Amino acid sequence: GHSHWSYEDLKHWSTDYLDCGGTKQSPINVDTAQAIFSPDLRPIQLSGYSLPANQLLKLKNNGHTVVLELPDSLALAGGYAQQYRAAQLHLHWGSPAGPGSEHTVNGRRFAAEIHVVHYNTKYDSLTEAMVRPDGLAVLGAFLEVGHGENQYYHEILKHLHEIEEVGQETLVPGFNIAGLLPANLKLYFHYNGSLTTPPCYQTVKWTIFNQTMLLSHHQMSLLVSTLKSPEDELLQNNYRPVQSLHGRQVLASFQ
Ligand code: SG7
Ligand code: ZN
């Protein structure tokens with residue numbers, strides 16, 4: 001039934017939501033040797049991503065992930081042919097035992113993945129845009145464990161203990177949201193796909209950055225072992241397996 005989907009029950013996604021069985025599904029494995037270099041793919045430009053601390057943002061445990069709602073003043077200013085506004089960002093992760101990015105690169109899965117969801121400004125809302133073929137643009141970046149705390153991810157992670165239970169929300173002071181994404185916005189992969197959760201609408205122009213983000217071991221542990229799921233267990237491994245390309249081409253902005 002609707003809204004009761006789970007990552008343990010992937011088989012039922014395509015019976016309950018027809019689009020989940022479609023031929024333009026996400027995530028995918030990016031085979032870098034097969035990606036087509038496209039010199040017309042311009043650097044992604046983020047506009048208005050630096051938010052003042054007095055602008056409070058809603059952070060919520062929705063039972064599938066942690067979602068940070070974004071004001072629609074954030075915009076994608078370049079890299080895409082159309083104009084998009086930000087709606088929210090969220091994360092996908094694994095467990096202490098293994099990585100949990102959704103996309104993989106040459107078969108490699110990264111520790112975690114951030115998605116910044118944007119919708120086409122020609123539509124009035126995310127809800128309206130997500131059913132349109134040209135409705136959504138999602139920016140994705142991989143998270144890995146490195147040395148040192150990531151100050152931008154800290155702005156989110158320090159609040160996770162306030163939203164351990166499903167449905168809980170809290171308010172987070174604004175910060176530079178662009179700091180959650182790679183500094184290098186020139187190097188990326190691009191393909192047409194879908195939402196990676198039900199209803200799996202095939203309306204997403206995906207950008208997957210080549211540069212990864214580094215979090216400390218402690219930060220990654222907090223991410224994978226704080227939030228609870230609807231079953232009141234730890235919310236872990238909230239990633240969908242990679243889907244078949246069905247002939248789709250993956251473009252690369254670089255050689
Ligand atoms: C997460 O992924 C949530 C969903 C999101 C879905 O479950 O972030 O958003 C909300 C507000 O619950 O769905 C329409 C939408 O953004 C799929 O997004 S994704 O394809 O970027 N993973
Ligand atoms: Zn996502």
Side-chain angles (χ1 to χ4, degrees), residues 2-10 13-14 16-17 19-20 22 24-28 30 57-72 74 76 80 84-94 99-104 109-120 123-143 156 160 163 166-169 172 177 180-181 188-209 213 223-224 227-230 235-243:
H2 51 276
S3 92
H4 295 301
W5 61 269
S6 81
Y7 288 99
E8 280 81 55
D9 200 19
L10 294 159
W13 286 20
S14 53
D16 292 354
Y17 307 87
D19 286 5
C20 297
K24 290 197 299 181
Q25 289 292 292
S26 295
I28 60 164
V30 175
L57 310 175
K58 193 191 285 180
L59 186 74
K60 181 172 183 176
N61 175 350
N62 75 356
H64 305 299
T65 184
V66 52
V67 181
L68 183 69
E69 290 186 6
L70 298 172
D72 59 14
L74 280 67
L76 279 186
Y80 279 96
Y84 299 87
R85 292 186 233 283
Q88 51 103 335
L89 64 81
H90 62 269
L91 299 158
H92 300 265
W93 59 84
S101 69
E102 295 216 290
H103 290 87
T104 58
R109 192 176 302 285
F110 294 82
E113 186 170 334
I114 182 172
H115 291 156
V116 189
V117 180
H118 301 75
Y119 65 95
N120 197 319
Y123 305 116
D124 288 334
S125 67
L126 175 67
T127 314
E128 187 190 340
M130 70 183 185
V131 298
R132 310 290 186 140
D134 59 354
L136 302 181
V138 182
L139 303 181
F142 298 117
L143 280 49
I156 294 175
L160 290 188
I163 57 166
V166 175
Q168 282 186 316
E169 51 190 57
V172 172
I177 304 294
L180 299 170
L181 290 172
Y188 61 84
F189 299 99
H190 192 77
Y191 78 98
N192 294 326
S194 74
L195 296 175
T196 65
T197 66
C200 306
Y201 295 139
Q202 300 185 139
T203 58
V204 181
K205 294 198 186 303
W206 277 96
T207 294
I208 303 295
F209 291 111
M213 303 304 298
L223 175 62
V224 308
L227 299 188
K228 290 194 225 159
S229 73
L235 176 54
Q236 294 181 329
N237 298 312
N238 57 351
Y239 62 94
R240 185 189 197 191
V242 294
Q243 306 293 301

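Numbering of residues begins at 1 and proceeds along the displayed sequence. Just so you know, these numbers come straight off a predicted model, no measurement behind them. First listed ligand is number 1; within each ligand, the first listed atom is number 1.
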Please write down residue, atom name and distance for the protein heavy atom closest to atom 3 (C) of ligand 1. Asn62 ND2, 3.7 Å

Should the pair Glu169-Lys58 be classified as a salt bridge under the 4.0 Å nitrogen-to-oxygen rule? yes

Side chain, backbone, both or neither: which part of Leu195 has a heavy atom under 4.0 Å from ligand 1? both

If you consider just the N/O/S atoms, which atom of His115 is the closest one to the Zn ion (ligand 2)? ND1

Closest to atom 4 (C) of ligand 1 among Arg240, Gln88, His90 (heavy-atom distance): Gln88

Give a yes/no on ligand 1: does His92 have at least one heavy atom closer than 4.0 angstrom to it? yes

ang(NE2 His92, the Zn ion (ligand 2), NE2 His90) rounded to 10° is 110°

Tell me yes or no: between the side chains of Ser194 and Gln202, is some donor less than 3.5 Å from an acceptor? no

Of all the non-hydrogen atoms in the protein, which one sits nearest to atom 14 (C) of ligand 1, and at what distance? Met130 SD, 3.6 Å

When you measure from the side chain of Arg109 to the backbone N and O of Ser101, does any donor-acceptor pair fall under 3.5 Å? yes

Quick one: does Leu10's side chain get under 4.5 Å of Pro241's, heavy atoms only? yes

If you define the side chain from C-beta out and look only at heavy atoms, does anything of Val116 sit under 4.5 Å from Gln88? no

Quick check, are the ring centers of Trp13 and Tyr7 under 6.0 angstrom apart? yes

Among protein heavy atoms, which sits nearest to atom 1 (C) of ligand 1, and what does the distance come to when rounded to 0.1 Å? Thr65 CG2, 3.7 Å

Quick note on ligand 1: atoms under 4.0 Å from a heavy atom of Val67 include exactly 8 (O)

In the protein, which heavy atom is nearest to atom 7 (O) of ligand 1, and how far is it? Thr197 CG2, 3.7 Å

Identify the protein heavy atom lying closest to atom 20 (O) of ligand 1, giving its residue, its atom name and the separation to 0.1 Å. Thr196 N, 2.9 Å

If the plane angle is over 60° it's perpendicular, under 30° parallel, otherwise tilted; pick one for Trp206 and His115. perpendicular

Centroid separation His103 to Tyr191 less than 6.0 Å: yes

